Undergrad: 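Can you keep this structure in mind? I'll have questions shortly.
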Amino acid sequence: MQNLHRQLLIGLVAVAMGAFLALVAIPNWVSAPDKVPHIVLSPLFWPYTIAGLLVLSGVGLVLSGRYSDEIFNADETRIPGAMKRILIFAAIAIAYVRLIPLMGMVWASILAFGATVSLLRPGHPRLAIICAVLFPLILYVFFAHIAGVAVPQGKFVRLP
Amino acid sequence: MSMMDNLAAGFGLVANFQAILSLLIGVVIGTIGGAVPGISVTMSVALALPFTFAMAPINGILLLLGVYKGGVFGGSIPAILIKTPGTPASSATVLDGYPMAEKGEAGRALGMALWASCTADMISNLSLILFAGFLASFALSFRPPEFFTLILFSLTIISGVSGKSMLRGALSAVLGLMLATVGLDLIYGTNRFTFGNPNLMGGLNFIAVLIGLFAIPEIMAVIWSPGDEHGRARGLGANRVSLADYRRCFKAILRGSTIGVILGSIPGIGAAPSAFLSYSEARRKSPHRENFGKGEIEGVAAAEAGNNGVAGATLIPLLSLGIPGDVITAIIIGAFMIHGLQPGPLMFVTNADLIYGLFIGLILSSVFLFVVGSAAIRVFKYVADIPRSILFPGVLVLCVYGVFAVNNTIFDIGVMFAMGAVGFLMLRNDIPAAPFLIAYILGPLLEDNFRQAMLMSGGSPWILFSTPITWIFWALTLFSIVAIIRAAMTSNRQEQGSMGF
């Protein structure tokens, strides 16, 4: 029943996405010139076609899901605390992006490395700390001084 | 220019220290990446891509091809030593490689894996050189209707064979097409899903989408299920592969290479099915078939020849038609695009020197693979011991630096994380990401060719059925849909049968 649910759910989400695209997103966020010689050349034609295909594949998934007994990877194991760790990682990712302009790429990376390591319960905490500091610095040297990328420096500490 | 002129020009591009070093570094990185469980070839190529921006086009592309070649072989090392395939394509190598390692013959198994890989790689490269030019000269006569039907056929087959379900593959491809519509309209220049944000006007950055889809979900999968443990690496043992072993397995290697070349040149199929098909054919034809699965060296040779035979052949549709046959060639097409090059039949006219330079580099890569592979077999223990809890945070930081380096914008890093979330959801729901990425790349081409065809015909759709080539592609598309559906129904019936229904 669980597996049936998953296939059906994916199909329903696809149908909902297709409907949202056709009814809300395309009319509001795709602009087209007033006069187009043929409808197939309009900037709206392709997005509407894709919305139709999305609904079609969703319907196909719903129909096939009713008779499917396929076992999904995600259903095989339940791992304690997995969702909590993923949510924490999402928070780390958001903080990482926000911190880059403020602290600079290197310092934000050191913090993000450290935070991600702590999520993974390292067997070698000292090595992890050394890597957390050294790895972003080595990448900084490569990208800033060899590849010539303007790596963000942040507002507090500037690196040479 | 004649072929000899092109060869000379290509040789001029490759015969320098930087090009050879790039290729060698690529093979080393690939072999290490493939050998580390959890780092796929795709991830290795994707992570190496940002390092090629500052390089000359030929050097950058050679580095990526080196990573690809090295990675495909590298996956066999943990498959044999710790029963953990470094890449999905090496899963067939486990079947006989690990039993050989258990018998104290890991060194012999790895030696045969290397010899078979290098032979298959060379055959695959030669096939590429033979067929790509021929196919490109044929494709030079293609007009927008032919290209439209060709891309449609490629997308159909990629969607159908990339995952367990054709419908989920199709959904993935449609989502990729949808994402490709973001940006300015190709003909009128009007906004599509840009929300007034100038960062979105040129569409989403391909590298951010790619790394988001293929690297971030792997990090999230490790966070979902953390832990550093893997099986104990077996010793190499006293036995080494001999010329007699190689001669005994030569037929299986040739057969596997041919299977690899044929399956590799069809978009979407990839190395894993080729390895398994090659393995099963070797078992069917072998006089020692009862030993398969118990440590038969011919099984290792066939599996490795099958997966390495694909590597050069996947470049046939890429170079001659501009169609990436799998995710790795999709990443390599990105490298071409970053350097302002568009693979396809015209490239054989406008950049023939680069094409021939790549051919020469590919032949060299087989030699490098042999040298690097021999060393990698000995030092694998140290590579396998890198803890995942340190490796994957490093990959995260590498992704962020790499994506930022493309356009020097933090917006792209946000796109990468957003695509990472999408990729993780797809991973958890068994929706293959490959059709998404390939559709994202081919989407603008598909739409552009469709609209050009419509402009040519004054809006009549019959132009899409107007020539024998379009009929062939329509027929192939229909045939693949029917074949995929039939294969899925047969497999369902077999599963139900085995479950006692």
Side-chain angles (χ1 to χ4, degrees), chain A residues 6 10 14 21 25 29-33 37-41 43 46-47 50 53-54 57-58 60-61 64 70 72-74 79 82 85-86 89-90 93-94 96-97 100-101 105 109 112-113 116-117 119-124 127-128 131-132 135-136 139 142-143 146-152, chain B residues 50-51 53-54 164-165 167-168 170-171 174-175 177-178 181 185 187-188 190-195 219-220 222-228 387-390 392-394 396-398 400-401 404-405 408 410 413-414 417 420-421 424 427-431 447 450-451 454-455 458-459 461 495-496:
Chain A
R6 182 67 64 100
I10 295 169
L21 204 62
W29 298 308
V30 178
S31 41
H38 299 287
I39 190 164
V40 285
L41 293 173
W46 200 249
I50 292 169
L53 288 172
L54 203 52
S57 53
L61 280 164
S64 64
E70 186 184 342
F72 280 75
N73 284 339
I79 299 159
R85 282 194 299 276
I86 288 293
F89 178 71
I94 293 167
Y96 195 177
V97 176
I100 290 172
M105 182 80 97
S109 299
F113 194 117
T116 313
V117 162
L119 271 181
L120 294 172
R121 304 177 210 140
H124 316 76
L127 181 65
C131 290
F135 193 61
L139 286 177
F142 174 81
F143 280 104
I146 299 172
V149 176
V151 177
Chain B
F51 290 91
F53 299 158
K164 292 179 194 164
S165 147
L167 275 167
R168 291 203 295 274
L171 174 67
V174 174
L175 290 173
L177 288 176
M178 190 178 86
T181 60
D185 179 70
I187 295 178
Y188 293 100
T190 52
N191 288 314
R192 293 202 301 201
F193 307 116
T194 57
F195 310 105
I219 300 170
M220 293 172 82
V222 173
I223 289 169
W224 184 271
S225 169
D228 283 335
R388 292 204 307 171
S389 56
I390 292 174
F392 281 89
L396 172 70
V397 172
L398 191 54
V400 169
Y401 272 84
F404 179 83
N408 287 6
I410 295 169
I413 302 174
F417 280 123
F424 185 67
L427 185 76
R428 297 296 301 162
N429 289 293
D430 291 349
I431 300 171
E447 185 185 0
F450 173 78
R451 288 169 85 175
M454 291 301 114
L455 275 171
E495 268 178 33
Q496 283 176 354

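Side-chain atoms are counted along with the backbone in the values below, which use heavy atoms only and exclude waters and symmetry mates. Each chain gets a letter, A, B and so on, in the order its sequence line appears, and its residues count up from 1. Here the structure is a predicted model, which is why all the values come from computation and not from measurement.
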Undergrad: Quick one: what part of B:Phe193 sits under 4.5 Å from any heavy atom of chain A, side chain, backbone, both or neither?
TA: both
Undergrad: How long is the straight-line distance from CD1 of B:Ile390 back to CG of A:Leu127, given to the nearest 0.5 Å?
TA: 3.5 Å
Undergrad: Among A:Ala82, A:Ser57, A:Ala25, A:Ala128, which has the most heavy-atom pairs under 4.5 Å with chain B?
TA: A:Ala82
Undergrad: State the OG1-CD1 distance between B:Thr181 and A:Ile50, to the nearest 0.5 angstrom.
TA: 5.0 Å
Undergrad: Show the nearest heavy-atom pair for residues B:Pro393 and A:Leu120, with the distance to one decimal.
TA: CD-CD1, 3.7 Å
Undergrad: Measure distances from A:Leu21 to the heavy atoms of chain B and classify the residue's part below 4.5 Å as side chain, backbone, both or neither.
TA: side chain
Undergrad: Between B:Leu455 and chain A, with a heavy-atom cut-off of 4.5 Å, which part of the residue counts as in contact: side chain, backbone, both or neither?
TA: both
Undergrad: I need the A:Leu119 CG to B:Met220 CE distance, nearest 0.5 Å.
TA: 11.0 Å
Undergrad: Could you tell me which of B:Asn408, B:Val400, B:Ile431, B:Ile413 has the largest number of non-hydrogen atom pairs under 4.5 Å with chain A?
TA: B:Val400
Undergrad: CD1 of A:Ile10 to CG of B:Leu167: how many Å apart, nearest 0.5 Å?
TA: 10.5 Å
Undergrad: Shorter than 4.5 Å, heavy atoms on both sides: which option in B:Ile187, B:Leu175, B:Asn191 has the most such pairs with chain A?
TA: B:Asn191
Undergrad: Drop me the distance from B:Trp224's CH2 to A:Phe89's CZ, to the nearest 0.5 angstrom.
TA: 14.0 Å
Undergrad: Pick whichever of B:Gly458, B:Ser165, B:Ala421, B:Pro461 has the most heavy-atom pairs under 4.5 Å with chain A.
TA: B:Gly458
Undergrad: Can you tell me how far the CZ atom of B:Arg428 sits from the CZ atom of A:Arg6, to the nearest 0.5 Å?
TA: 7.5 Å
Undergrad: Shorter than 4.5 Å, heavy atoms on both sides: which option in B:Asp185, B:Val174, B:Val397 has the most such pairs with chain A?
TA: B:Val397
Undergrad: Please examine the side chains of A:Pro43 and B:Arg451, heavy atoms only from C-beta on, and report whether any two atoms are closer than 4.5 Å.
TA: yes
Undergrad: Specify the closest pair of heavy atoms between B:Phe404 and A:Ala150, including all atoms of both residues, with the distance to one decimal.
TA: CE2-O, 3.4 Å
Undergrad: Parallel, tilted or perpendicular: which fits the ring planes of A:Phe143 and B:Phe51, with parallel below 30° and perpendicular above 60°?
TA: tilted
Undergrad: Do B:Thr190 side-chain atoms and A:Ser31 backbone N/O form a donor-acceptor pair below 3.5 Å?
TA: yes
Undergrad: May I ask you to decide if the ring planes of B:Phe195 and A:Trp29 are parallel, tilted or perpendicular, using 30° and 60° as cut-offs?
TA: perpendicular
Undergrad: Please look at A:Phe135 and chain B and tell me whether the side chain, the backbone, both or neither of the residue comes under 4.5 angstrom of a heavy atom of that chain.
TA: side chain
Undergrad: How close do A:Val149 and B:Ala405 get, counting heavy atoms only, and between which atoms?
TA: CG2-CB, 3.8 Å
Undergrad: Chain B: which of A:Leu54, A:Leu53, A:Val151 shares the most heavy-atom pairs with it under 4.5 Å?
TA: A:Leu54
Undergrad: Specify which of B:Gly394, B:Pro50, B:Gly414 makes the most heavy-atom pairs with chain A at under 4.5 Å.
TA: B:Gly394
Undergrad: Taking A:Gly60, A:Ala14, A:Pro136 one by one, which has the highest count of heavy-atom pairs under 4.5 Å against chain B?
TA: A:Pro136
Undergrad: Under a 4.5 Å heavy-atom cutoff, which of A:Leu61, A:Ile39, A:Leu41 has the most pairs with chain B?
TA: A:Leu41
Undergrad: Tell me, side chain or backbone of B:Tyr401 under 4.5 Å from chain A's heavy atoms, or both, or neither?
TA: both
Undergrad: If only atom types and distance count, is the side chain of B:Arg192 paired as donor or acceptor with the main-chain N or O of A:Val30 below 3.5 Å?
TA: no
